[in-house]
Number of protein chains: 2
Amino acid sequence: MCPADSPIADHLAVRPTSGSTTDQLRRNNLSKILTLIHREGALSRADLTRLTSLNRSTVGAIAAELAALGFVDERPPLDFRAGRPSPVVHPNERTVAVAVNPEVDAVHVGIVALGGVVLARSSVGIGPEASASEVVRIAAAEAHALLAELPGHRVFGAGIAVPGQVRIGDGQVREASHMGWFEEPVAAMFEAATGFPTFAANAAILAMRAESVFGAGKGVDNFVYVIGGASGIGGGMVSGGKIVTGAAGYAGEIGHTFVRSSGASCFCGAHGCLEAEVTQARLLQLVNLPPSQIAELGPALAASTEPAVRAAVAEDVALVAIAIRNAVNLFNPSVVVLAGFLAALMEGSGDDASAILPAEAVLAARESVRVERARFGADQLLIGAAELVFAGVLGDPSGYASSRA
Amino acid sequence: MCPADSPIADHLAVRPTSGSTTDQLRRNNLSKILTLIHREGALSRADLTRLTSLNRSTVGAIAAELAALGFVDERPPLDFRAGRPSPVVHPNERTVAVAVNPEVDAVHVGIVALGGVVLARSSVGIGPEASASEVVRIAAAEAHALLAELPGHRVFGAGIAVPGQVRIGDGQVREASHMGWFEEPVAAMFEAATGFPTFAANAAILAMRAESVFGAGKGVDNFVYVIGGASGIGGGMVSGGKIVTGAAGYAGEIGHTFVRSSGASCFCGAHGCLEAEVTQARLLQLVNLPPSQIAELGPALAASTEPAVRAAVAEDVALVAIAIRNAVNLFNPSVVVLAGFLAALMEGSGDDASAILPAEAVLAARESVRVERARFGADQLLIGAAELVFAGVLGDPSGYASSRA
DNA sequence: GTAATATGTTTGTCGTACCAACAAATCATC
DNA sequence: GATGATTTGTTGGTACGACAAACATATTAC
């Protein structure tokens with residue numbers, strides 16, 4: 001019993017995960033069905049009935065409501081079979097989110113529709129020391145330019161993929177050293193510039209998100225993702241079907257896993273971090289490729305027979321294997337996906353890296369894990385950033401306010 | 001659209017996390033309220049109304065149903081204040097689970113009531129090479145003996161905390177090297193011996209569970225737990241309020257984190273594992289304590305001024321710090337709890353170990369993490385094991401069949 | 001004692017999903 | 001082409017859960 005006037009601890013309050021009132025029940029079912037459509041693409045009403053095990057009539061009513069809300073379009077089926085044809089429910093392509101991804105040399109902006117389709121994209125080069133407010137201004141202008149080409153599309157918000165640590169909740173960039181940003185309220189700035197509700201998160205986690213919803217991690221409930229880029233190594237995890245964000249959104253820093261005693265000192269202040277030991281720049285240099293030809297890294301490493309290259313690749317693989325071993329021991333994932341230059345490293349290792357990488361994990365966890373390369377290419381960050389926006393829409397379709405482009 | 005006859009992938013099927021039908025809605029609310037009572041202890045109906053933000057009448061109806069099902073008892077309040085007195089809803093103490101914890105030298109058995117109260121416990125010594133079936137037989141006999149003293153109690157199942165890797169789902173012990181067990185279907189064996197629905201899990205994860213539900217991790221949504229024992233170092237995590245089990249239940253093996261290049265070789269096959277570098281036996285030896293006096297380890301380490309002891313403690317703390325750094329970087333927890341001999345090590349370190357341990361994590365994750373000692377002592381495993389059973393009861397109170405002791 | 005307050009209880013209403021019966025649109029067969 | 005089988009959308013009725021409002025009740029404060 002708490003005294004009547006004592007504030008009741010927040011953590012005690014039951015989260016509204018599941019509907020308690022009948023009205024939340026409906027919201028839940030709207031959410032379920034729209035989420036299925038978003039992730040799986042077009043599904044017939046009959047499919048939805050099977051997948052949700054809701055009643056035919058309920059699915060019909062919900063599909064009608066979603067169509068009325070403008071989130072889906074019902075169209076006659078293209079392929080027929082026995083029985084009355086079931087209308088196919090398509091994600092509405094005019095339901096869009098703005099996705100922004102600032103990088104060291106350019107800002108990438110995209111318009112992503114429900115279903116994860118990138119409708120438009122563009123990149124604007126920026127100087128090496130561009131301020132956050134400058135980048136926000138450029139991105140906002142670019143977003144408006146792209147949206148001007150897409151009349152009648154409803155923008156539900158914006159998502160920003162930041163190469164650095166971002167506080168969940170308010171989208172404050174705590175630190176993005178490669179951008180030279182510290183404590184920049186980037187989400188709030190973009191929201192002020194555009195009026196779109198804006199969310200921001202770490203780029204690696206968003207890349208993971210794209211891969212988890214639409215790519216190699218689709219349908220995988222326990223999933224570890226590691227991505228290597230010019231600015232270091234990041235990652236993200238899914239546990240029990242839920243994205244691991246951590247208390248404030250900083251989870252997934254697998255690049256700072258300890259992998260070598262008396263290793264190099266890392267800018268984070270520690271020693272022996274994976275990303276201080278294994279870098280994209282060194283691998284590129286090894287095969288004499290400029291940064292722009294990053295796509296060639298995998299084949300080049302694989303093709304090289306120089307002993308120095310082979311030894312360096314083997315050493316890097318061993319270091320990455322330590323980080324993977326730790327992650328597999330800690331998470332027991334069923335799939336580990338490598339992206340970016342780590343995927344290239346995997347390709348460049350002559351041996352079967354997918355077997356080597358988890359080889360030192362404990363037996364039980366290792367025997368059922370699959371190590372794969374990422375399926376997504378360039379659009380992963382835009383799609384992941386848009387997911388930040390769609391998560392809100394999918395979670396409560398009927399209650400979501402919209403702004404029209 | 002999937003062809004009508006094609007099997008629809010399991011992972012597509014929407015999980016029944018939230019009620020879709022009105023009847024699941026009621027189950028959800030029953031579950032919510034019973035879970036609150038279980039975790040927080042007795043709460044008045046008025047408190048429940050505030051905590052769940054359900055309607056007064058609804059809470060009354062649900063409390064009445066739970067009372068009718070025998071899961072709670074409503075009693076008049078002991079302390080009064082203005083207004084009509086609100087009945088206090090207590091967890092029913094005759095709703096119990098059997099908890100079993102086999103260790104190298106003894107089997108511990110307990111009877112745990114709803115609310116996490118250990119009503120009875122006992123330990124039976126076993127030989128060094130006791131087989132799984134032998135241990136199960138002893139535990140089953142002991143459970144029946146304990147239950148005979150508790151007439152009228154309803155047993156809802158049994159939970160087994162195994163010092164080793166246990167497959168979630170069927171409770172198969174994959175490997176418990178210190179017990180000498182490999183591929184033993186311990187849960188199934190105990191279920192066959194007693195008739196109680198039986199679940200098994202890794203002991204460290206269950207210790208974490210107890211600490212998470214009732215101890216230092218109560219109400220913490222992002223939580224890392226590390227426990228050191230005679231047989232090594234284990235752990236468990238909570239992410240976003242959910243226990244991290246991994247794909248098959250093997251998550252949490254933080255004892256096999258890489259902490260030293262060219263370190264000792266571990267029985268797991270890898271090198272440089274934390275639990276191969278930092279052991280309870282060595283610390284005990286350092287201060288000349290027999291294993292039985294493990295409770296004295298912390299004070300003894302703290303009291304010792306011998307340089308060798310101080311150096312060894314500092315070295316061990318540094319190694320543990322590496323594992324904690326990795327975990328904090330990966331999870332961004334708000335609390336890290338150390339238990340067992342690691343808590344003693346923390347106590348024995350003269351310096352402020354709670355500051356040293358996460359010191360090398362990345363700034364954003366480190367600044368908001370709290371490192372604490374475990375609050376629970378001996379009963380943690382029994383309580384954690386019982387949680388395996390109560391999880392089912394709490395999840396669906398009305399639908400749960402019971403067997404009477 | 002009386003008022004104020006907080007909370008349990010009762011009754012009626014509303015919303016949601018289900019079920020069953022019917023209608024519609026296709027395929028398979030002749 | 002007609003007919004039957006099959007599958008699925010549609011409609012109307014029902015059940016049930018939660019809510020709101022009015023009322024009842026038990027305490028504190030004065």
Side-chain angles (χ1 to χ4, degrees), chain A residues 1-6 8 14 16 18-33 43-67 72 74-89 397-399, chain B residues 1-6 8 14 16 18-33 43-67 72 74-89 397-399:
Chain A
M1 268 194 334
C2 355
D5 51 353
S6 83
I8 291 177
V14 176
S18 55
S20 31
T21 97
T22 48
D23 146 297
Q24 280 172 313
L25 182 57
R26 182 51 165 275
R27 273 192 217 156
N28 245 307
N29 285 337
L30 284 169
S31 169
K32 266 186 197 171
I33 290 198
L43 290 166
S44 74
R45 276 208 218 167
D47 290 333
L48 289 170
T49 303
R50 278 186 288 271
L51 289 168
T52 58
S53 57
L54 290 171
N55 189 281
R56 279 214 293 273
S57 11
T58 308
V59 170
I62 289 177
E65 186 167 347
L66 288 174
V72 301
E74 289 195 292
R75 300 189 208 139
L78 295 178
D79 57 335
F80 298 102
R81 80 193 76 268
R84 177 171 175 172
S86 190
V88 179
V89 185
S398 61
Chain B
M1 270 198 330
C2 352
D5 51 353
S6 82
I8 292 178
V14 176
S18 56
S20 32
T21 95
T22 49
D23 145 299
Q24 279 171 313
L25 181 59
R26 182 49 165 272
R27 274 192 217 158
N28 246 305
N29 284 337
L30 283 169
S31 168
K32 266 186 197 171
I33 290 198
L43 290 167
S44 73
R45 277 208 219 165
D47 290 333
L48 290 170
T49 303
R50 277 185 289 271
L51 289 168
T52 57
S53 58
L54 290 171
N55 189 280
R56 279 215 293 274
S57 11
T58 309
V59 170
I62 289 177
E65 186 166 347
L66 288 174
V72 302
E74 289 194 294
R75 300 189 207 140
L78 296 176
D79 58 335
F80 298 101
R81 81 185 58 67
R84 178 171 174 173
S86 188
V88 178
V89 185
S398 62

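Model, not experiment: these values are computed from the prediction. A note on names: the letters A, B, ... follow the listed sequences, proteins ahead of strands, and every chain is numbered from 1.
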Side-chain (B/T58) to main-chain (B/L54) donor-acceptor, under 3.5 angstrom: no
Side chain to side chain contact (heavy atoms under 4.5 Å, CB included) partners of A/P397, counting only residues at least two apart: A/L30, A/S31, A/L34, A/L66, A/F71
Ion pair A/R81/A/D79, N-O distance below 4.0 Å: yes
A/D47 CG to D/dG9 P, straight-line distance once rounded to whole Å: 10 Å
Protein-nucleotide distance (B/R26, atom CZ; D/dC19, atom C1'), rounded to Å: 13 Å
Verdict with reasoning, A/Q24 to B/L25, per side chain to side chain contact (heavy atoms under 4.5 Å, CB included): CA-CA 10 Å; A/Q24 280 172 313; B/L25 181 59; over 6 Å; no
Euclidean distance, atom CD of residue A/E74 to atom C1' of D/dT10 [Å, nearest integer]: 13 Å
Distance in angstrom units between A/D23 CG and D/dC16 C1', rounded: 16 Å
B/L25 CG - C/dC14 P separation (whole Å): 19 Å
Candidates C/dT16, C/dT7, D/dC19 - which lies nearest the side chain of B/S86: C/dT7
Interatomic distance where CG belongs to A/L54 and P belongs to D/dG9 [whole Å]: 13 Å
Axis deviation across the helix from C/dG1-D/dC30 to C/dC30-D/dG1, five-pair ends, to the nearest 10°: 10°
Partner of B/S44 under side chain to side chain contact (heavy atoms under 4.5 Å, CB included), chosen from B/P85, B/P87, B/S86: B/S86
Sequence-aligned protein contact record of nucleotides 20-30 of chain C, with B where the base is within under 4.0 Å of a protein heavy atom and S where only the sugar-phosphate is: -B-BBBBS---
Results of side chain to side chain contact (heavy atoms under 4.5 Å, CB included) for A/R75 - residues two or more places apart only: A/D73, A/H90
Between P of D/dG17 and NZ of B/K32, the distance in whole Å: 15 Å
Interatomic distance where CZ belongs to A/R27 and P belongs to D/dA18 [whole Å]: 16 Å
Residue B/R45, side-chain heavy atoms: nucleotide from C/dT9, C/dT16, C/dC18 that is nearest: C/dT9
With B/V89, the side chain to side chain contact (heavy atoms under 4.5 Å, CB included) member among B/V59, B/L48, B/L43: B/L48
Listed partners of A/R27 passing salt bridge (charged side-chain N to carboxylate O under 4.0 Å, His left out), at least two apart: A/D23, A/D396
Side chains of B/N29 and B/K32 in contact at under 4.5 Å (non-hydrogen atoms): yes
Earlier contact from the 5' end, DNA chain C, for A/L30 and B/P87: B/P87
Phosphate-side-chain proximity, B/N29 and D/dA18, N/O vs OP1/OP2 below 4.0 Å: yes
